[in-house]
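To keep things clear, I will list the structure first and then write my remarks on it.
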Amino acid sequence: MNQNPDGGNGNGTPDDGDTTDPRVARREKLRQIEALGIDPYGSRFDDRTLIGDCRKRISEVKFQTKDGRLLELPDVESEDVDYRQWKSDNGPGEEIGPTVRVAGRIMLARPTGKLIFLNIKDWTGSIQIFIGKKQVGEDDFTLAKLFDLGDLIAAEGRLGRTNTGELTVFAEKLTFQTKMLEPPPEKHAGLTNVDLKQRMRYADLAFNDGTMETFLDRTRIVKSIRATLDADGFCEVEGPTLHTVAGGAAARPFETHHNALDMGLTLRIALELHLKRLMVGGMERVYELGRVYRNEGLSPRHNPEFTMLEVYQAYGDYVSMMDLTERVICNAIEAIGGGYQREYAGKAFDFTPPFKRATYAELFKQATGIDETDDKAVIVYAKKLGLDTEHKHPDVIRNEIFEEKVEDTLEGPIFVIDYPASICPLTKRKRDNPEIAERFELFISGMELANAYTELNDPDLQQQLFETQLEGQDDEESMAKMDHDFIRALRHAMPPAGGLGIGIDRLVMILTGQKSIRDVILFPVLRPTENG
């Protein structure tokens, strides 16, 4: 594809004096179509059959012999079957099939004199269209000769097979739907520039194999998540995206200003605190699937806006959330098909439940050889790694070591459970060890996919933790942000609960085998160019 999406004279239209620009030829055909009295931008097309549904109707295609017998067609997909020979062996007759009306984008064109073969694609699949001058008539055949790759057209005709066995619509009537004025990507190279694929997602979806299926799988995954939660009695809600306090996570927010109220606001960095308010109000099983925004860096695993699932269950705990996480992921896999054995980043992963579980402490010791409760040993080890330890709380240092030495080794799926309590200010402590928080993170291929707690519902302890920021921890890395109304809500009694957050984009990445988070977000944040 032309690397300048506008091209031409800079306003999206070509210079008609440039005979080398394919846009000129396309606009000339546009004018010729208009001269035929046809609207080159189409109209309503009722009673359409999706191409995927056409393929499901293959069994309706029969061979009728001269004496009226209806024969089932052979398995033309088999290399052993010569369909032309099979018809000859069964004597005089003709193929019959249902009449269908299909519409889609022209992906391939093969004109041969008085015949034109097209391949068109809609969002359910592709199919061949047979256009014969005798079959469609002079006017429609003249129109067909003005088709370009990428145009949207519709055809009505009999569904059948060619002599080579290819499923085909034998057109009897054509309808023009929309002229494509830009040239499509090169047939063999495709739209391969990563930046252009993300910037011009419409072209990526239209012309690159696999892109549409990835995003349809994303929709199937999200629908499955809702179905799983709804079946468990959870209620979906919508919380505010504009907050006065950026709470519920450790992240730098986007800041904005409300003119009428003359007050600063932030875009939400998490869904948590408003969902917990609903728990106080008596919504015992509640969830939200929503966008959150974090004013941070970009990477294959990070985008400034992303989709988060947060779930809260009254009278549950983090073990309840582990079980729920497994159900959510396994049901999502079943929704898109392909089985529990999946490949991501060139490695195989087994999602057969139950997923492996290991404590933070045992993983820390396996990776470092030291006891994670030994503060002096932790500091010595951190210095060997080149980590800055000055004026930092030991648990902050411990967690930096964990991120450096442990997380990348976690192939998973594995639940890492029981984190140091001091770095988990929204989490209930273990009864037998208040230094440990009842928290888990789910890791797959070294990437955190889910985070869950046994939720802290003690308002006095919550206030104390909001007021305490660990030494050496940056403000944007701390969840110690006071939300007075949230504390007031907790004083109205929030039930013991389990809470769960899952990064939907990362889940889709893993289940569809995509390398970058930008490959599963339809319109990721990109730096603007001269042409937009």
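Note that this is a predicted model, so its numbers are computed, not measured.
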- request: Mind jotting down which residue pairs meet the salt bridge (Lys or Arg N to Asp or Glu O under 4.0 Å) criterion with at least one end in residues 499-519? Sequence neighbours excluded, please.
  value: Arg218-Asp505
message: Does anything in residues 327-337 form a salt bridge (Lys or Arg N to Asp or Glu O under 4.0 Å)? List the pairs, not counting sequence neighbours.
response: Asp232-Arg327
Should [X] and [Y] count as an ion pair when the cut-off is N to O under 4.0 Å?
X      : Y      : result
Glu400 : Lys392 : yes
Arg252 : Glu296 : no
Asp195 : Arg199 : yes
Lys430 : Asp432 : no
Lys365 : Asp371 : no
Glu362 : Arg357 : no

Rounded at 0.5 Å granularity, tell me how far [atom1] in [X] sits from [atom2] in [Y].
X      : Y      : atom1 : atom2 : value
Asp395 : Cys424 : CG    : SG    : 9.0 Å
Arg301 : Ser516 : CZ    : OG    : 11.0 Å
Arg220 : Ile333 : CZ    : CD1   : 15.0 Å
Leu449 : Leu511 : CG    : CG    : 8.0 Å
Tyr312 : Cys235 : OH    : SG    : 15.0 Å
Asp375 : Thr389 : CG    : OG1   : 12.0 Å

field: Candidate pair Lys121 and Asp209, rule salt bridge (charged side-chain N to carboxylate O under 4.0 Å, His left out), full reasoning
entry: CA-CA 11 Å; Lys121 181 180 79 170; Asp209 291 339; 5.0 Å; no
Could I get the full list of salt bridge (charged side-chain N to carboxylate O under 4.0 Å, His left out) partners for [X], not counting sequence neighbours?
X      : result
Glu404 : none
Glu441 : Arg439
Arg285 : none
Glu411 : Lys347

Return yes if a side-chain donor-acceptor contact under 3.5 Å exists between [X] and [Y], otherwise no.
X      : Y      : result
Thr359 : Asp418 : no
Ser320 : Asp323 : no
Thr211 : Asp204 : yes

For a quick test of reading the model, state the closest non-hydrogen atom pair linking [X] to [Y] and the distance between them.
X      : Y      : result
Val406 : Ala367 : CG2-CB, 3.6 Å
Asn303 : Pro524 : OD1-CB, 3.9 Å
Pro353 : Glu326 : CB-OE1, 4.0 Å
Pro425 : Leu456 : O-CD2, 3.6 Å
Leu507 : Ile329 : CD1-CG1, 4.0 Å
Phe364 : Glu372 : CD2-CB, 3.3 Å

Side-chain donor or acceptor of [X] paired with backbone N/O of [Y] under 3.5 Å:
X      : Y      : value
Asp151 : Met180 : yes
Thr266 : Arg268 : no
Glu288 : Gly239 : yes
Arg294 : Phe254 : no
His257 : Asn259 : no
Ser224 : Asn331 : yes

task: Please identify each residue that fulfils ring-ring contact (aromatic ring centres under 6.0 Å, His included) with Tyr419, with sequence neighbours left out.
output: Tyr360
Contacts of type ring-ring contact (aromatic ring centres under 6.0 Å, His included), residue Tyr344, not counting sequence neighbours: none
task: Decide side chain to side chain donor-acceptor pair (under 3.5 Å) for Gln313 and Tyr315; before the verdict, give the C-alpha distance in whole Å, the side-chain angles of both, and the deciding distance to 0.1 Å.
output: CA-CA 6 Å; Gln313 177 181 331; Tyr315 311 110; over 6 Å; no
- request: Using the test side-chain contact (heavy atoms from CB on, under 4.5 Å), find all partners of Ala206 that sit at least two apart in sequence or belong to another chain.
  value: Arg105
message: Can you list everything that forms a side-chain hydrogen bond (donor to acceptor under 3.5 Å, both in side chains) with Thr454? Sequence neighbours excluded, please.
response: Glu438
message: What verdict does the side chain to side chain donor-acceptor pair (under 3.5 Å) test give for Asn457 and Lys428, after you've listed the backbone C-alpha separation in whole Å, the side-chain angles of each residue and the deciding distance to 0.1 Å?
response: CA-CA 8 Å; Asn457 60 342; Lys428 186 169 284 189; 3.3 Å; yes
Residue pair Ile510, Met447: steps toward the side-chain contact (heavy atoms from CB on, under 4.5 Å) verdict: CA-CA 10 Å; Ile510 289 167; Met447 179 165 58; 3.6 Å; yes
- prompt: Taking it one step at a time, do Leu442 and Glu448 satisfy side-chain contact (heavy atoms from CB on, under 4.5 Å)?
  reply: CA-CA 6 Å; Leu442 174 64; Glu448 177 205 339; over 6 Å; no
task: Check whether any side-chain heavy atom of Asp350 lies under 4.5 Å from a side-chain heavy atom of Phe355, and answer yes or no.
output: no
Can you give each donor-acceptor pair under 3.5 Å made by side-chain atoms of residues 240-251, sequence neighbours left out, with the distance rounded to 0.1 Å?
residue: His243; atom: NE2; partner: Pro240; partner atom: O; Å: 2.9

Hey, can you pull the donor-acceptor pairs under 3.5 Å for the side chains in residues 489-504, sequence neighbours left out?
residue: Arg491; atom: NH2; partner: Gln463; partner atom: OE1; Å: 2.8
residue: His492; atom: ND1; partner: Arg488; partner atom: O; Å: 2.9

query: Can you list the steps and then say if Leu229 with Leu324 is a side-chain contact (heavy atoms from CB on, under 4.5 Å)?
result: CA-CA 9 Å; Leu229 294 171; Leu324 178 61; 4.0 Å; yes
query: Taking the six-membered ring for Trp, is the centroid-to-centroid distance between Phe415 and Phe440 below 6.0 Å?
result: yes
- prompt: Checking salt bridge (charged side-chain N to carboxylate O under 4.0 Å, His left out) for the pair Lys383/Asp388: CA distance, chi angles, key distance, verdict?
  reply: CA-CA 7 Å; Lys383 289 180 176 178; Asp388 181 12; over 6 Å; no
- prompt: Step by step, would you call Ile370 with Asp374 a side-chain contact (heavy atoms from CB on, under 4.5 Å)?
  reply: CA-CA 8 Å; Ile370 61 174; Asp374 186 339; over 6 Å; no
